[in-house]
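The sequence lines fix the lettering, A, B, ..., with proteins before strands; numbering per chain opens at 1.
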There are 2 protein chains.
Amino acid sequence: MASSSPQSAQNSLLKLENQLCFPFYAVSRLLTKAYQPLLHALDLTYPQYLVFLLLWEHGQLTVKELGERLLLDSGTLTPLLKRMEQKHWLSRRRDPRDERSVIIELLPAGRALEAQAGQIPVQMLDKMQMTPAEIAALRLTLNHLLTQLA
Amino acid sequence: MASSSPQSAQNSLLKLENQLCFPFYAVSRLLTKAYQPLLHALDLTYPQYLVFLLLWEHGQLTVKELGERLLLDSGTLTPLLKRMEQKHWLSRRRDPRDERSVIIELLPAGRALEAQAGQIPVQMLDKMQMTPAEIAALRLTLNHLLTQLA
DNA sequence: CAACAATAGATTGTACACAATTAAACATTA
DNA sequence: TAATGTTTAATTGTGTACAATCTATTGTTG
């Protein structure tokens, strides 16, 4: 009854090597580290790069909209956006039509980074060494988990 | 030629929704948040839980061994382990045979948490709502990425 | 319209992460 | 064995994350 007893089954699930969540945690950090040399050339951190992905596409967004899309709250975004403002990449100003909202607008210096970042996605895909089929399957699983957990 | 031109292909890869790494980043944080109510009952954070998974299995490990297995360095582990030491969950002492190493040993109060944590893995699997086939495929992909990026 | 509720950000405090540096102990070798 | 190099943690400094709280603004309703 060894491996099928409740006690040992429970213990085996409490081993690091049998965890499913730890690889997510580890891969997420390793991916950020893989971005690092590419982003360092642009003086960017990974969360700041994510903000830029949204601003390059939309030009301007409120803090609330950034938070909804990145799943980050103002406690994280406010200081991060202040640092990006100090580098003149974006501007922060209250929405005159609703003074509760803060509009984050891309500035020329921030727009200029888009071209420099153009090669980053392919370089990352190269580092990951995955087949298109693997990538497609992974997208499905990650999207499932996103909707399941969000 | 619109969508196949280098410029637009590059731009589409710079959209958040087309990112493969962002879902990893988001899911990893959502998983940590999903653990939170379960771990809060034990007064644990997720990284501290990971340390316990190793200590419950091995009883004692050096900081170096913990770092190798969790992919964390001393800058993260030292303060984390000091907090766990303050709660009398583990002890920190230099290895007499090699004073460079610090041995982290599980204490009774830390061992006692193992039983209370026994239900956490199944509760997390329940939250994820994945089929065994999906889980198996995901394990393969995550392990591939771990070896590819580590 | 006044009271109350809801919303959007900012702030505070705690805990990671990690690059870079430092310090002590151990290993190697000329 | 003395000098040099390597290894292991600790330290320092910066940047997220996030819970909890606070403030100002807007919306709702009696």
>> Taking B/Arg69 first and then B/Glu65, would you say they form a salt bridge - that is, a charged N and a carboxylate O separated by under 4.0 Å?
In response: no
>> I want to check something: taking the side chain as every heavy atom from C-beta on, are B/Arg83 and B/Lys87 in contact at a cut-off of under 4.5 Å?
In response: no
> 5'-most contact on DNA chain D: A/Pro96 or A/Arg83, nearest heavy atom basis?
Replying inline: A/Arg83
>> Quick check for you: among C/dC16, D/dA17, C/dA19, whose closest atom lies nearest to any side-chain atom of A/Lys33?
In response: C/dA19
Could you list the protein-to-nucleotides 9-11 of chain C atom pairs, N/O on both sides, closer than 3.5 Å?
unit_1, atom_1, unit_2, atom_2, d
C/dG9, OP1, A/Val63, N, 3.4
C/dG9, OP1, A/Lys64, N, 3.4
C/dG9, OP1, A/Val102, N, 3.1
C/dG9, OP2, A/Lys64, N, 2.8
C/dA10, OP1, A/Arg92, NH2, 2.7
C/dA10, OP2, A/Thr78, OG1, 2.5
C/dA10, N7, A/Ser74, OG, 2.7
C/dT11, OP2, A/Lys82, NZ, 2.6

>> Please report the distance, rounded to the nearest Å, between CE in A/Met84 and C1' in D/dT16.
In response: 13 Å
>> Rounded to whole Å, please give me the gap between CG in B/Asp95 and P in D/dA9.
In response: 9 Å
>> Under a 4.0 Å threshold between the charged nitrogen and the carboxylate oxygen, would B/Arg92 count as salt-bridged to B/Glu105?
In response: no
> Given side chains that start at C-beta, do those of B/Leu138 and A/Leu138 come closer than 4.5 Å, heavy atoms only?
Replying inline: yes
> Starting at NZ of B/Lys87 and ending at P of C/dT14, how long is that distance when rounded to a whole Å?
Replying inline: 12 Å
> Can you check the A/Glu99 CD to D/dT23 P distance for me, whole Å?
Replying inline: 19 Å
>> Over 60° means perpendicular and under 30° means parallel, so tell me whether B/Phe52 and B/Trp56 are parallel, tilted or perpendicular.
In response: parallel
> Once you round it to whole Å, what is the distance between P of C/dA19 and CG of B/Leu72?
Replying inline: 11 Å
>> Whole angstroms only, please: what is the CG-P distance between A/Leu39 and D/dT16?
In response: 11 Å
>> Check the orientation of B/Tyr46 and A/Tyr25. Use parallel for under 30°, tilted for 30 to 60°, and perpendicular for over 60°.
In response: perpendicular
>> Just the rounded figure in Å: distance from P of D/dA19 to OH of B/Tyr46.
In response: 16 Å
>> Without decimals, in angstroms, what is the distance between B/Arg93 CZ and D/dT8 C1'?
In response: 16 Å
> Which sits closer to the 5' end of DNA chain C, B/Gln48 or B/Arg97, going by the nucleotide each is nearest to?
Replying inline: B/Gln48
> Would you call B/Lys82-B/Glu85 a salt bridge at under 4.0 Å N-O?
Replying inline: no
> Taking only side-chain nitrogens and oxygens of B/Thr45, does any of them come within less than 4.0 Å of OP1 or OP2 of C/dC16?
Replying inline: yes
